[in-house]
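Below, chains carry the letters A, B, ... as their sequence lines are ordered, and counting in each starts from 1. As a basis for the values below, the full set of heavy atoms in this structure was taken, side chains included, without hydrogen atoms, waters or symmetry mates.
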2 protein chains.
Amino acid sequence: MAVTIKDVAQRVGKSVTTVSRALHGYDDVSEETRTLVEKVAEEMGYRPNTLAQRLQKRTTDTLGLVLPTFGPRFSDPFFSEFLAGIGNKAADFGYDLLVSTQPPGEREMHAYKQAVESRRVDGFVVVRTRMNDERINYLRGIDFPFVAFGRTHGELDFPFVDEDSQHGMRLMAQHIIQQGFHRVACIAPEPDLMFAKYRLDGFREGLAEAGGSLEDRYLKYSDLTQRGGYEKANELLAMDEPPTAIAACNDLMAFGAIRAAHEQGLAIGEEIAITGFDDIPMSEHFHPPLTTVNQPIYEIGGRVCEMLIHHIQGKPLEEEQVILKPSLVLRESTGVETEEDI
Amino acid sequence: MAVTIKDVAQRVGKSVTTVSRALHGYDDVSEETRTLVEKVAEEMGYRPNTLAQRLQKRTTDTLGLVLPTFGPRFSDPFFSEFLAGIGNKAADFGYDLLVSTQPPGEREMHAYKQAVESRRVDGFVVVRTRMNDERINYLRGIDFPFVAFGRTHGELDFPFVDEDSQHGMRLMAQHIIQQGFHRVACIAPEPDLMFAKYRLDGFREGLAEAGGSLEDRYLKYSDLTQRGGYEKANELLAMDEPPTAIAACNDLMAFGAIRAAHEQGLAIGEEIAITGFDDIPMSEHFHPPLTTVNQPIYEIGGRVCEMLIHHIQGKPLEEEQVILKPSLVLRESTGVETEEDI
DNA sequence: AGTATATTCCAAAACGTTTTGGGAGTCAAA
DNA sequence: TTTGACTCCCAAAACGTTTTGGAATATACT
């Protein structure tokens, strides 16, 4: 059907070898035949068959990304932005991006193993790391290229990009106290997620440094959804002595908490402070605009992707392990009045 | 490095052919050798090389999806849910999903053409169709398999799934009028998007049927982001005679409009009604909860994917063109008090 | 003239599969 | 004993590339 290199060779009256070498700029082919080959290939609409090229070069030029989804209504703006960051960078380098969606667990691991064993990808981007991360253990065990977004507990002898969310949450705690909110609660995700630990630790440190503390009764665990944040915030607000500040560990849960506070008729930013983490685009446009910790998700995606490609190509990485300093974004949900930075 | 079928063949003392046929359940191989082959293959950890298989079978077992992104901060919850729908269904059928992200235009078309010409995918999911859709023209022109989410203007001789958003917006218009809001505005996306036409047409029809109309000054065009909705709503609310209802053509823009109304101190659902379209998970948890038109995004993704796979495999489609009836989700942003459906 | 050196080319192997088109052996029926 | 059917097997071709390891010719230098 399609035009193959053999067809081109026949047409120019040269061997397949010569055509291939002409097209790849080898210098053992005369200027004359090179231009002829190029012309004919162009005319015939020759496009190399990627599969054949990849088989021969023993490389897939493909990156793998397994998105950890929870339930069908997977709808985390965080991931679409991260995906765009990876995807665009991958395209720049001529790599394909193979995406699959699996909830953490057996099927997820199966997706990784299958991709590795049947040689579908050259490397992985591992996202949302966990305390003891089976994906990373596996990939490290077989020495398969990957770069993680996030760290793990224990040995950190693999390449990653992470934000210093411990520091971010420390700043956030201090900000909350400074704004005059003293009964402070936190909604954290399942503690198996690595960033949960960092954010919670940082939050505790920040409170301690500002002379406060996080009481056990004010610590709630939830999934990372709005619904989860809503439910846990409702529990908190129904207590005898409800908190006057709720720090959620991501923006989505903060949105849920805001809704709960609204329903209780609380003036957010005055009677209660609510904070998030991530600074997804929506947080600026929420009512009220959300105080949160900025995470340059798109850039991180690009960075991770670039590191992975270098890794695959055996190029040395100038920085194997990147930790970014976060910055606070202060908005009305903690009582800060601002003309929003546009 | 990795175990090939040749290694297995050598080990069992049979030909490569026999091993291949044993592993694929052909009946011209004895029960004895079959079990032996299976055992040895298992022991040696043999996994067929996908690339080689695909080259030989002249198929890629891969679906293409090019997400139309606008700018780096691409963060549309709509797409992550749609992606999950496609991804999970593709996995069920053993297909890979190749994702790239490109803004509409030249680079986008290049992504399609490259994937087709270098034979990287067996078919495409085309999302967010446009009036005169170059992607569809191209794919149809070369008779390449695809299924669209959405229709186009003109001939509809290709497989698609779409929601009858015309009907949805008709219902919405009537609901708004019924709730007693009469100065009605609309924020629509660039008219090149096909669903913009349907939604706007439907909205006009609904208003007409309820004895109203959409004045030109109350029609604003925007991108599909929150920021856009916010800006256009501000323009509307700054008019001498501002509208008392704003129907946005997606939830994200509605969120932006809500923020604008909040900032004007308007009581949403009472002094002004605001509506969206899509019913992304967040719309239930917004403040106030958003009246919108439900679109089963995850299911549509799965449906489109399944249709595409059938198409690729040459199986007849029971339904080539699917149009789903939408349903209104009434919430507080139009003054409806509900115990939310959980 | 003979030898080295460029220059230009290509046959064949390789990547790892699946499929094609038989072949050899056994057994029962003619 | 031949014939036909059946069972089990396999060499070789094919998929479409790239790379290896020369070969052939022309040119330049002793």
* To do: Applying salt bridge (Lys or Arg N to Asp or Glu O under 4.0 Å) between B/Arg303 and each of B/Glu163, B/Glu318, B/Glu319, report the one that passes.
  => B/Glu319
* Asked: Base, sugar-phosphate, or nothing for B/Asp28, non-hydrogen atoms under 4.0 angstrom?
  -> base
* Counting side-chain heavy atoms from CB outward, which of D/dC15, D/dT17, C/dT18 is closest to B/Leu55? -> D/dC15
* Check the angle between the aromatic planes of A/Tyr112 and A/Phe124 and answer parallel, tilted or perpendicular using the 30° and 60° thresholds. => tilted
* Please check the phosphate of D/dG16 (OP1 and OP2 only) for any side-chain N or O of A/Gln53 closer than 4.0 Å. => no
* To do: Respond yes when some side-chain nitrogen or oxygen of A/Ser20 is under 4.0 Å from OP1 or OP2 of D/dT17, and no when none is.
  => no
* **Check: A/Asp162 side chain, A/Ile323 main-chain N or O, donor-acceptor pair, under 3.5 Å** => no
* When we call it a touch if two heavy atoms are under 4.0 Å apart, what does B/Thr50 touch: a base, just sugar-phosphate, or nothing? -> nothing
* Establish, with yes or no, whether the OP1 or OP2 oxygen of C/dC9 is under 4.0 angstrom from a side-chain nitrogen or oxygen of A/Ser30. => yes
* Given that B/Asp27 and A/Lys57 both sit by DNA chain D, which one's nearest nucleotide is further toward the 5' end? -> B/Asp27
* Without swapping roles, check the side chain of B/Ser118 against the backbone of B/Arg120 for a donor-acceptor pair under 3.5 Å. => no
* Asked: Which nucleotide, D/dC9, C/dG16, C/dC9, lies nearest any side-chain atom of A/Lys14?
  -> C/dC9
* Asked: Across the strands shown, which category fits A/Arg47 at heavy-atom distances under 4.0 angstrom: base, sugar-phosphate, nothing?
  -> sugar-phosphate
* Asked: Between C/dC10 and A/Thr17, is there an OP1 or OP2 to side-chain N/O distance shorter than 4.0 Å?
  -> no
* Asked: When we call it a touch if two heavy atoms are under 4.0 Å apart, what does B/Arg21 touch: a base, just sugar-phosphate, or nothing?
  -> base
* Structure fact -> Between B/Ala52 and B/Thr18, the residue closer to the 5' end of DNA chain D by nearest nucleotide is B/Thr18
* **Phosphate contact (D/dT20 OP1 or OP2) by A/Tyr26 side-chain N/O below 4.0 Å** => no
